[in-house]
Structure formats: C-alpha cells, structure tokens
Amino acid sequence: MIEKIKETFQESIDPDQIKLAPPPQKEMGDICAPVGFLLTKTLKKNPFEIVSLLAEKMSSVSEFKDVQPAKPGYVNFFYSESFIEESVKEILENEKALDFNPIEKTFFLEYVSANPTGPLHIGHGRWAALGDSAARLLKKIGYKVYQEFYVNDAGNQVENLKKTVEALKSGKPVPEDGYHGEYVQDALKSELEPQAFFLEEQKKTLEKFRCAFDSFYSEKSLHESGAIEKAIRLLKEKGVLYEQEGALWFRSTDYGDDKDRVLIKSDGNYTYFAPDIAYHLTKIERGGDELIDILGADHHGYVKRITAAVSALSEKKVKLDILIGQLVNLFRNGDPVRMSKRSGEIITLDEVMDEIGVDALRYILVSKKHTQTVDFDLEEVKKQSKDNPVFYIQYAFARIHSIKKNIEEKDYQPEINFKNLEESERQLLLFMLRFKDEVYKSALNFDPQILAAYLFDLASLFHQFYEKNRVIDQGNPVKYRLAIIETVSKVLEEGLSLLGMAAPKRM
RNA sequence: GCGCCAAUAGCUCAGUUGGAUAGAGCAACAGCCUUCUAAGCUGUGGGUCAGAGGUUCAAAUCCUCUUUGGCGUACCA
C-alpha cells in the first residue's frame, strides 16, 4: 500500500524521501505523509498549496475514501472499506499472506558465546533472547540465517577451571585465580571434563529457553586445525602485520582501530585476539554474506579491533554488525546480586526461567531496547507476574479461542463484510494491516523490541474491541466479527512465534 | 586522561532513520462483572524530555559543550 502512494507522488518527488506515519489523532486520518515541506523550494509554493494539490490527485485512488490536506503540510488518508476488506481477505485466505519473498543473502549470527566455565546467567539470557528473536525475524523476511555459539574452550579460563576441579577433588584449597562458586561442585559428579560438562549444561539451558543454534564452534578446534596459522598467513600476505619487540602485531589502525594489536606475544603464545580472527575468517569462508555479533557491553572495547580484522580479511566486502547489548543488573528486594562467576553468589538463567517462566522472561528481556541497561528485580518480577505484559498479550489470544469454543462448528462462518464498522473495529483492523511493515522494520533493525511493542498495542486494541462489541450476540455469532477475531488470532500467533513465545488457547 | 553506552511522569520503559497537542504499563484515586475468560475495560491526576547553546519551516530525536551514571581502555580471556 505504501508503494501505491509513492507511485502517485513519484512524478514530482523522490520517493525515498516520503515517509508515512500514523497521525497523532485518529480523527485526522488512517495514515499521513508530511510531504508538503519537501517541495517548497523547487515548486516555489507554500507547503499547504502543494499538499492541497497532491490530495486532489490522490483522491481518485480506490484504496482511499478520502484524502485531505492538513495545516502546515500534511496529507491525511482515510482507507476505503473495500481496501480493508481486500487486505483482510488476503490474510485469511492466502496461507502465505504474511510471508516475504526469499532473499539470497546469509546472515551469520553469533551470540551468547559464554565461557564454558559455569552456568549461564541472566545477561546471557538477554543476548539469547535478542539473538534468537532477531534470527527468527530475519528468516521471516526472507534471509538465510546461520546461528552460532562460539565456545571459548582453549584459554586460561578453562585451565583455571581444571585446576579448581583438581584441587577440589584432592581436598586442597581452591587456587587464587580459580573459581569459587558452589556450582563448580556440580562438575565433580560428572565424568566429563569440567568445560565439557558446563557446555552441555549451557546447551540444555538454551534449549529450554527455545534458542535454536545451528552449531557450537570450538575455539580449541581452531588451534588444532591450523586455522589460526592460516588467518595470520593471510593477513601477512595483505601486508598488515609487523614484528616489534619480539611480538607480532596487526596494524588495525589502518582500519579505524585506536591502536595496533598483538597477535603473537613475545613468549610465542597467541593472544585471545588471534583465534578470534581465525574464527571470523571461517564465518566468511562458510558463506556469511553479512556477519552479526552480539556482545555484552563489557566487551565493547573489542568492537573496533574485530571490525578491523574482518575488513582486512574480506577486503572490506563483508559487513560486520556488532550489537552491543547493555548489561542486566539483577536485584533481589532492591539489593544488587553479583553475577561474577568467580564470586560466590550467582543466580542462573535456569533459576530465573523456573521462577517466572520462559515466555515472561523472553518477553521482558526483549521488550527493552538493547542499548538500555536493564534493572531487573527478581522479587518485583515475581510479584508483577500477573500484570506482566506477556500475560496481557497471551490473554487476548486465549479470549479469542474461548469465544470460538462457544460456537458450534456449523455456525462458525466468518464473513468479510466491513461496510458498517464500529470505530474500535476499524482501528483494530487497520492496525493489523501494519503487521508486515512492523516485522520488516523490527528485523532490519535487529530489534525485536519493535515487534514486542506492536503486539502489546494490538492486544490492547483487541481488549477494547472485546469490551465494546459482542462477537456472540444473543446466542448468535456475528459473522463479520468472526472475521475480525480470526485475523487477530492469526496475527498474534505469528507475532508471538517470532519472539519465541507460546500462544496458549486457554489460560 | 581517552573511548563507548545511557539520562523522558513517583517507578519500569516506548517514542528507529527530524514532523501535528511527548505516550504506555505499574503505583495513586474514581467507576464497570445476570450475557463470549475482570489476567479485562472506562475515567482522573501526574512532564523544565539532565542542563546550556546551535542547525531549520519543524528537535526528545541531529551537532557542540557541561553535569550524572554504567562500562571499557593489557604482549588477560
């Protein structure tokens, strides 16, 4: 529908400059375009004159029953009933109405990537919820997405963990730089090596959290396969490495970094950075057209160097987006809970999931912009669970199916006839026509929050509709309202699934 | 010191590429269940968009400076 408006404007304006938005008040129209300001100079007319002309031109388009110019320089559109009917018919009768065309491009999405030295915590949960929902959204709009967890199973952290476990087994005190949390005890019971044990635990947690990783990529395997040497050789060929004071450096400042970085230390060992470069090289080699890394804010100092490395390796052809997720500060009754694995206390992601449920947790973690730090009080969330937005949305879905349950199958005959809509019905239907646009915007911004907010607003409009209008009136189903609730049901179900949430028919 | 991210109602947060009178939820107060699930709906009160300049028809949004907070700044991982 946006395209049609753009086409009409095209003769006089660059279509990319046209923006559409819902007007501040519904009396003003169904959708509006602040377009009068764009041409004041070229046409030498004031904004309102321009807008008046355009409104007249547009009024013949069948999608609209009315098009009006507005004060400073807006055009306000009112959709025709037949347009709404056509659109709803498409959603209800075409299985693929909410699908997008496939695009030949693969996103390589890396997220969580926790050290295998303990259980996942709430911060990991945030990247998990964000990454998994972003993946679902990108797939929805037609991209291929490969989701991967990078396992840091080769560094000092793992060595320290092993030392800790050995010390515990032989009854010795835990080393200074070891792990002091009680959870380490769990690894003693397992026959697996401790890092393998914790990786398995993390996989179970992620599965429970409904994250579908395509693979878990081992850092150790990079050392064993010679991938690191290969990456360094490649960089050497490109002439971006040099030796100084016995160490091998990458001239990352050529690609926007603040300082050059060491790859091989003067003692001959790799820095952490070296295998990470090799890892990103494998993503490019494995067909990633565009890479996305989701990192916690405590690693943001890493952004420039890894971006530099990907630029150097791919000759700037592969784009790397790094999403910096701000941290989650966990509280209990107002007191901060420490989340360091080295300190004693840790609240695991598993525990939080058990307390408030997967649906609620996923929604909470995704309903806030990832650029915002989240203060998360466990007791508060438990208290509020009844007022939690996720229940509000799911309740809308449950109400619809409760209505359907009360109707005999032979009487269930939705009819798309919207000639005499109540205002609440009209608003609800128009809002649903925005669904695909919202999904698209949400996906391309890697921001599930946009969809989460949309679903909340949709639920709100449905509840209003439900209060004002009877679907079953005096025992008789109102056919056109069946078409409305059927559409809401379809959109809600689709939207919830994109956030990895259930759509329960009964609550 | 330098860098990244933030600051919007009492609290938690929207406001996405600059658009009309800045919005929800919670909390507070006042109403709505003989009819499809009240986990719902309706109404009231609540704001120096951290502060100061600037850019333009138009700024919570973009630029500069200041203040406050989180994080980072290793030949650690």
May I ask you to say what [X] touches in the nucleic acid, namely base, sugar-phosphate or nothing, with a heavy-atom cut-off under 4.0 Å?
X	answer
Val374(A)	sugar-phosphate
Arg261(A)	nothing
Asp153(A)	nothing
Ala297(A)	sugar-phosphate
Phe456(A)	sugar-phosphate
Asn152(A)	nothing
Asn76(A)	base
His463(A)	sugar-phosphate
Ala21(A)	nothing
Lys405(A)	nothing
Ser266(A)	base

Pick out which of Glu422(A), Glu486(A), Glu425(A) makes a side-chain hydrogen bond (donor to acceptor under 3.5 Å, both in side chains) with Arg481(A).
->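 Testing Arg481(A) for a side-chain hydrogen bond (donor to acceptor under 3.5 Å, both in side chains) against Glu422(A), Glu486(A), Glu425(A) leaves exactly one candidate, Glu425(A).
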
[N] [atom2] sits how many Å from [X] [atom1], rounded?
X	N	atom1	atom2	value
Tyr440(A)	rU16(B)	OH	P	19 Å
Leu263(A)	rC76(B)	CG	P	13 Å
Glu467(A)	rU37(B)	CD	P	12 Å
Lys368(A)	rG15(B)	NZ	P	13 Å
Tyr395(A)	rA38(B)	OH	P	4 Å
Leu327(A)	rC4(B)	CG	C1'	12 Å

Considering just the side-chain nitrogens and oxygens of [X], establish if one lies under 4.0 Å of OP1 or OP2 belonging to [N].
X	N	answer
Arg399(A)	rA38(B)	yes
Gln372(A)	rU12(B)	no
Lys265(A)	rA77(B)	yes
Thr371(A)	rA6(B)	yes
Gln449(A)	rG15(B)	yes
Lys369(A)	rU12(B)	no
Asn406(A)	rU37(B)	yes
Tyr392(A)	rC41(B)	yes

Any donor-acceptor pair, under 3.5 Å, between the side chain of [X] and the base of [N], if you only look at N and O atoms?
X	N	answer
His299(A)	rG72(B)	no
Asn160(A)	rA77(B)	no
Glu245(A)	rC75(B)	yes

For rC33(B), does the O4'-C1'-N9-C4 (purine) or O4'-C1'-N1-C2 (pyrimidine) torsion place it in syn, i.e. within 90° of 0, or in anti?
->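 You should classify rC33(B) as syn.
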
Answer yes if the ring centres of Tyr242(A) and Phe250(A) are under 6.0 angstrom apart, and no otherwise.
->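 Centroid separation for Tyr242(A) and Phe250(A): 6.0 Å or greater.
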
Between the side chain of Thr307(A) and the main-chain N/O of Val303(A), is any donor-acceptor distance below 3.5 Å?
->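 Looks like yes, one N/O pair under 3.5 Å.
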
Quick check: does any side chain N or O of Ser252(A) sit under 3.5 Å from a backbone N or O of Lys259(A), one acting as donor and the other as acceptor?
->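 Yes, because the side chain of Ser252(A) sits within donor-acceptor range (under 3.5 Å) of the backbone of Lys259(A).
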
Should the ring pair Phe198(A) and Tyr183(A) be called parallel, tilted or perpendicular, given that the plane angle runs from 0 to 90° and is split at 30 and 60?
->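 Geometry flag for Tyr183(A) against Phe198(A): perpendicular rings.
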
Consider the side chain of Pro23(A), meaning its heavy atoms from C-beta on, and name the nucleotide among rG25(B), rA20(B), rC41(B) that approaches it most closely.
->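 Per side-chain heavy atoms of Pro23(A), the pick is rA20(B).
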
Compute both the distance and the angle, then confirm whether Arg434(A) meets the cation-pi test with Tyr454(A): under 6.0 Å from the six-membered ring centre, within 45 degrees of the axis.
->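 Checked: cation-pi criterion not met.
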
Is the Lys NZ or Arg CZ of Lys436(A) less than 6.0 Å from the centre of Phe100(A)'s six-membered ring, within 45° of the axis?
->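 The answer is yes; both the distance and angle limits are met.
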
